[in-house]
Amino acid sequence: MRLSHTILVATILTGTALLVAASPRLGADQKAQKAAVATVGQAAPEFTLTGVDGKIYNLADYKGNTVVIEWICSSCPASGSGASSYWGSGTASKTVTEMKTADAGAVYLTIDSTKDGHQGKTSAEEGSAASAVISKAGQSVPVLLDPDGKIGHSYGAKTTPHIFIVNGTGTVAYIGAPTNDDGSTNYIVNAVTAIKAGKPVEPSTTKNKGCGVKYASK
Amino acid sequence: MDRFNSTVLAVYGTLIALAMGSTPPAQVVSTPAQAVAPASASLAPCLVATPDGATAVLIRFRIEPHWHLYWSNPGDSGAPPAIKLTLPAGWTSGVTIFPRPEILGTAEERNFGYQDSLDLLIPVFGPKSDAPSIAVEAKVDWLVCKTSCIMGRATLSEQVSISPDPKAPQSRSRALPVKLPDSVRATLEGSPTQGSLVLSGATKSFGTLPVSFIPDPMSGVEYLDGTGPYLSRQVGDVTTIRVPFSIEPKDAVDGPPRLRGLVLTGKRDVDPAFQVDLKPSDVPAVEK
């Protein structure tokens, strides 16, 4: 009887202690749960994807370089379709050029997570169309294919465009939009410049806008 | 909802209807490649009243079936309509007022937006004058989506009258956000940069059930349980919504961070929506 009483008291005390210890960490735990997707300050999810050009791209191969990753879709008017889109307006091309000026070693990649069948195209056809949009803008930037959406989901990519910047140590340094609403502030170029200078990236997160990524069903 | 708010909404609805009047829209712009554009915008020929008694330019969107436009926080994807007004010398404009949005999409991709039609109000402020009208130009950009999205753009010009037109077709009614009732208390658990906003009050204070919160994040403010909606809990006669947040001041590129969003009551577009717009350091701590 005394033993079970002792166990009961110990259990209550331990449980209470755990609850007390856990309470102040509520926010931190919730953030940790969110870390199932890419999070600023955490290691970037690794990926190995095939590009439209047939080459294999590993994030790990770019250790030491800053990597800008953009989710893209050729048929989205915020991303690749039409004169006012990120690529069609020339903003993306200017960004890539200015990024290279800020840091010649920085790498710009795009990932297309559009599912098979969206707008009657296979994922590969959509990726090729995205690549054509980039070429038309005068840039040579790889388009990596993610037809099952696994990498998109691992990053938490929601829109096209949606930008993730990974620093040379493989840590996520920025997540959000490429620019502010009127285009007067280029968050990508600012982030790459800050990383190159060894300074903190500010802002490190912004609100992304654009079409939803057309993922295959999970 | 208190009587004042009900009255304001009723007056607002009437004035909106009157403002659109029998006069044809100033300009309707369509996407050339489409036989029927998924959305088009027009500028009302009269100023209208806002819930707080200011006057506003009214931009009305017509939205084709199955397409939608977006609230100021579009949710997981999308973008809200952007409006840039050009007004006569001495006139200025305020922040666009979005009506209560619908909750669209799925739990995986949650959006807040509008189907069928949308009226946006842009408050305007000018000198006292006997002039019957003012010249208004509105450059309007919008993203309209179904399974895919299309960008729309219009430049609308109109001599906008101060007096409403007495003949009017009715637009789909949507509640405009009004002040949170005094009987609903906002308190803070944790610190002003990491904690939970707690909105609590007697269930009858909220009026219609269910009650939920949808955030309208400023830069630098992250709502930790995702896009929303944040559902209320009812214990006894008290209804409470708890909204965990985190603030990174260095990310606040749009000015000092504030906790913003809407408390939605009921399920209909006309059911009251209460505006939340709080400076975290001004919110009192939860009483223990």
Side-chain angles (χ1 to χ4, degrees), chain A residues 23-34 37 39-41 71 73 75-79 81-85 88-89 114 117-119 149 153 156-160 162 174-177 180-182 185 187 190 200-215 217-218, chain B residues 31 33 38 70 72-80 82 84 104-111 141-153 189-191 193-196 215-227 242-254 257:
Chain A
S23 306
R25 291 178 40 77
L26 187 63
D29 288 348
Q30 284 165 326
K31 278 202 150 182
Q33 279 178 3
K34 286 194 66 175
V37 297
T39 305
V40 170
W71 258 261
C73 177
S75 61
C76 168
S79 174
S81 174
S84 57
S85 69
S89 66
T114 308
H118 179 62
Q119 300 217 329
H153 286 302
K158 296 278 191 182
T159 57
T160 57
H162 198 170
Y174 174 82
I175 300 175
N180 66 347
D181 284 347
D182 65 10
T185 301
Y187 297 129
N190 286 356
V201 174
E202 296 181 0
S204 57
T205 59
T206 59
K207 173 71 176 164
N208 53 299
K209 293 174 183 171
C211 315
V213 178
K214 302 300 182 281
Y215 284 116
S217 298
K218 275 184 180 175
Chain B
T31 306
Y70 293 95
S72 50
N73 170 22
D76 289 332
S77 60
K84 191 173 180 185
L104 305 170
T106 63
E108 277 194 351
E109 187 182 349
R110 177 65 67 208
N111 291 118
D141 290 277
W142 65 86
L143 186 69
V144 59
C145 297
K146 190 167 60 172
T147 51
S148 56
C149 302
I150 291 176
M151 203 78 88
R153 174 170 287 176
E189 279 178 353
S191 76
T193 55
Q194 176 85 58
S196 291
D216 190 3
M218 288 183 71
S219 59
V221 182
E222 185 181 8
Y223 292 94
L224 299 177
D225 282 354
T227 310
R242 186 168 271 98
V243 186
F245 67 89
S246 173
I247 290 178
E248 283 288 351
K250 67 181 173 57
D251 291 341
V253 293
D254 300 327

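These values consider heavy atoms only, across backbone and side chains, with no hydrogens, waters or symmetry-generated copies. Lettering of chains follows the sequences in order, A, B, ..., and the numbering in each one begins at 1.
Residue contact with chain A, scored on non-hydrogen atoms closer than 4.5 Å, involves the side chain of Pro80(B) exclusively. Heavy atoms of Cys149(B) lying under 4.5 Å from chain A belong to its backbone as well as its side chain. At a 4.5 Å heavy-atom cutoff, His162(A) makes no contact with chain B through either its backbone or its side chain.
If you check the side chains of Tyr174(A) and Thr206(A), you find a donor sitting under 3.5 Å from an acceptor.
Comparing Asn73(B), Asp251(B), Asp141(B) by heavy-atom pairs within less than 4.5 Å of chain A, the highest count is held by Asp251(B). When each of Ser219(B), Ser148(B), Gly105(B) is checked for heavy-atom pairs under 4.5 Å with chain A, Ser148(B) comes out on top.
Cysteines Cys211(A) and Cys76(A) place their SG atoms closer than 2.5 Å to one another.
Remark: Asp181(A) engages Lys209(A) in a salt bridge, criterion side-chain N to carboxylate O under 4.0 Å.
Nearest heavy-atom pair, Ala78(A) versus Thr160(A), reported as atom, atom and distance to 0.1 Å: CB-O, 3.8 Å.
Using a 4.5 Å heavy-atom cutoff, the side chains of His118(A) and Ser75(A) are in contact.
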